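Just so we're clear, the structure is a prediction, and the values are computed from it rather than from any experiment. Each ligand, and each atom within it, is numbered from 1 in the order the structure gives.
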Amino acid sequence: MKRIVILVSGPSRGSNMRAIIEACREGRIPDSEVVAVIGAREDAPALQHAHALGVPTAVVNPNEFPEPDMYGDALMWVLQKAQPDLICLAGYMRLLPKQIVQAYPLQILNIHPALLPLFGGKGMYGLKVHQAVIESGMKVTGCTVHFVDEQYDTGPIVLQRCIPVMDDDTPETLAARLLPVEHETYIEAVRLFVEGRLRLEGKRVKVVG
Ligand code: GAR
């Protein structure tokens, strides 16, 4: 069994997390189990959902550490106990500490609610992304699953899916229409990962087999 750990942020509602947990249980992601969900606050909606689904949870609150390195060390300690084959960021809004990125090369995935490399970077999350897409005048948007590197949203792209931007879209309607597409895209990317079908060539991720 492949061991998956999911990282969420304080306010995350956890819908991508739930999609991955359920896809593992239903066999749509084969031979895999979500062994832990790590969040910043015990009362975070995502952690409550994980708990209700019977998935072990852990809290590592970045605000409780005086230095980012100390948060990184604490997160690393929890991760090492969980022995993940894959780490999935699902609504994780911080820059992942670099010691984690270095310890798990090409083993960390993130989902972003836009077509990277557009509309990414520090501070670009949630509705702010969709607002920027609408203001840009783009007629399509989408989601991106990518490997995580040491910067925001710049790692190698694994999968992207598009949806149209309608004339009357608001950030809220766009987010709502994209969310189920995010879930399916993330499940597909995790499936390809656990099947060992992702190969990095330069900056390009190729799907093999
Ligand atoms: C998702 O839309 C995800 O793409 C986005 O946060 C939301 C989390 O929703 N992530 C980012 O913006 C990362 N920069 P969820 O908690 O229901 O999965």
Practice task
Check step by step if side-chain contact (heavy atoms from CB on, under 4.5 Å) holds for L198 and F147.
Solution key: CA-CA 11 Å; L198 300 177; F147 282 115; 4.0 Å; yes
Item to complete: List the steps and the verdict of side-chain contact (heavy atoms from CB on, under 4.5 Å) for H183 and R18.
Response: CA-CA 9 Å; H183 298 162; R18 269 181 294 169; over 6 Å; no
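In this structure, the protein non-hydrogen atom closest to atom 14 (N) of ligand 1 is H112 ND1, 3.2 Å. In terms of protein heavy atoms, atom 16 (O) of ligand 1 is closest to G14 N, 2.8 Å. For atom 2 (O) of ligand 1, the closest heavy atom belonging to the protein is E182 OE2, 2.9 Å. The shortest contact between atom 10 (N) of ligand 1 and any protein heavy atom is with I111 O, 3.7 Å. For atom 11 (C) of ligand 1, the nearest protein heavy atom (residue, atom name, distance) is P113 CD, 3.6 Å. Shortest contact from atom 15 (P) of ligand 1 to any protein heavy atom: S15 N, 3.4 Å. Looking only at protein heavy atoms, the nearest one to atom 6 (O) of ligand 1 is M93 CE, 3.5 Å. Here the heavy atom of the protein found nearest to atom 7 (C) of ligand 1 is R13 NH2, 4.2 Å.
Using modelled atom types, one side-chain atom of T144 and one backbone atom of A114 make a donor-acceptor pair closer than 3.5 Å.
When R28, R161, R191 are each tested for a salt bridge (charged side-chain N to carboxylate O under 4.0 Å, His left out) with E184, only one passes: R28.
Ligand 1 has an N or O atom lying under 3.5 Å from an N or O atom of N16, backbone or side chain. In terms of N/O distances under 3.5 Å, ligand 1 is not approached by Y125.
Residue G126 approaches ligand 1 through these ligand atoms, each under 4.0 Å from one of its heavy atoms: 12 (O). Annotation for ligand 1: atoms under 4.0 Å from non-hydrogen atoms of G91 are 6 (O), 8 (C).
In this structure, CZ on R3 lies 12.5 Å from CG on L86, to the nearest 0.5 angstrom.
Under the 4.5 Å side-chain contact rule for hydrophobic residues, L96 and Y152 do not share a cluster.
Heavy-atom contacts from other residues, nucleotides or ligands closer than 6.0 Å to CD of Q102 number more than 12. More than 12 heavy atoms of other residues, nucleotides or ligands shown are found within 6.0 angstrom of CZ on F119.
By the 4.0 Å heavy-atom criterion, V129 is excluded from the residues contacting ligand 1.
Between K98 and E150 there is no salt bridge, since no side-chain nitrogen of the basic residue lies less than 4.0 Å from a carboxylate oxygen of the acidic one.
The proximity of M124 to ligand 1, defined as any non-hydrogen pair under 4.0 Å, is limited to the backbone.
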